[in-house]
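This report concerns only the one structure given below.
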There are 2 protein chains.
Amino acid sequence: MSRSHTRVAEAVKDEACPVTEVLDRVAGKWSIGILIAAAHGPVRFTELERAIKGISRRMLTLNLRRLERDGLLIRTVHPTVPPKVENRLTPMARELHDSLTGLVGWAERHRSTIAAARVAYDTAAEQRPDTD
Amino acid sequence: MSRSHTRVAEAVKDEACPVTEVLDRVAGKWSIGILIAAAHGPVRFTELERAIKGISRRMLTLNLRRLERDGLLIRTVHPTVPPKVENRLTPMARELHDSLTGLVGWAERHRSTIAAARVAYDTAAEQRPDTD
DNA sequence: CTGCATCCTACACGATACTG
DNA sequence: CAGTATCGTGTAGGATGCAG
């Protein structure tokens, strides 16, 4: 088990690598949440704001813009008096959404294990006066 | 000290957002790259450093520690004269790795589309003196 | 309702130097 | 080889207030 992975290492080399690319796009505290929250069809700004919970208007706006800029999100503005904006994912984003749910599923499955690992790690660290 | 977890907002709404959980773990410029680079078995520090290329020693170390703390990575130190440290993913991390490669695959498939979308978006923005 | 402007803090990351 | 220590920077993100 070695040769086939060489390409992975090579793929990871410079800034232009897809890894960093996707990272940049999905990075951030809210991107994934927004993508998932917006996945079930046209969603309005306020809906997202409530759905995601914890996100600030500023962050929602900024992330929405970035996603739109990357062609992951389509923002439809209805020039009505009370402004109405519908956000929906592009097909491309829906593909991403699949990987994302996979990620979330993983998180759900192992959350407790991870939490335990952290406690164990921290405890072990505290046991070591050196690490203090 | 592990204080100041402004990021996760801790236990308050942890159950509510496994999204944020996973985000926090995969967030960062290098986490994914490291996980992928370390996926093919025991890898030494320097190997990772060379494989990922662009990463600083400091960042490699920090991320390695975090992954280890979360129970995603096992760090085996061989107390030999030239220190030898082997890093390998835990089974849990391997599952994550699958989602990750999915993510990377998506990135590879749509990279050009995204780039185009950006250009289009930016161009459109420049066309609008109003936006100035 | 949807968003932008401003201010401010925290932290991720980089560069460099030192060490066992 | 595999880190650690320190300093400096950029920017993500939060809080608040104003606006079409």
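Just so we're on the same page: letters track the sequence lines, and every chain starts at 1.
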A/D24 CG to C/dA12 C1', straight-line distance once rounded to whole Å: 13 Å
Shared-cluster residues of B/V119, by chain and number - hydrophobic side chains joined below 4.5 Å: none
Residues B/R75 and B/E86 bridged, charged N to O under 4.0 Å: no
Residues from residues 78-86 of chain B lying under 4.0 Å of DNA chain D - heavy atoms: B/P83, B/K84, B/V85
Nucleotide D/dG13, atom C1' - distance to CD1 of A/I32 in whole Å: 17 Å
Test side chain to side chain contact (heavy atoms under 4.5 Å, CB included) applied to B/S99 - qualifying residues, sequence neighbours left out: A/L103
Whether over 12 other heavy atoms sit under 6.0 Å from A/R66 CZ: yes
Whole-Å gap separating P (D/dA2) and CG (B/L73): 13 Å
Distance below 4.0 Å between A/R65 side-chain N/O and C/dG3 OP1 or OP2: yes
Partners passing side chain to side chain contact (heavy atoms under 4.5 Å, CB included) against A/F45 (at least two apart in sequence or in another chain): A/E49, A/R57, A/L60, A/T61, A/L64
Residue A/K29, side-chain heavy atoms: nucleotide from D/dG3, D/dG13, C/dC1 that is nearest: D/dG13
Residue list, side chain to side chain contact (heavy atoms under 4.5 Å, CB included) with A/A39, at least two apart or on another chain: A/L89, A/H97
Between C/dG3 (C1') and A/I55 (CD1): distance, integer Å: 13 Å
More than 12 heavy atoms from other groups under 6.0 Å of CZ on A/R69: yes
Whole-Å distance separating the CZ atom of A/R25 from the P atom of D/dA12: 14 Å
Contact residues, residues 56-64 of chain B to DNA chain D [heavy atom, < 4.0 Å]: B/R57, B/R58, B/T61
Touch class at under 4.0 angstrom, heavy-atom based, for A/R66 against every strand present: nothing
Lys/Arg N to Asp/Glu carboxylate O, B/E47 vs B/R44, below 4.0 Å: no
A/V43 side chain reached by A/R88 side chain, heavy atoms, under 4.5 Å: no
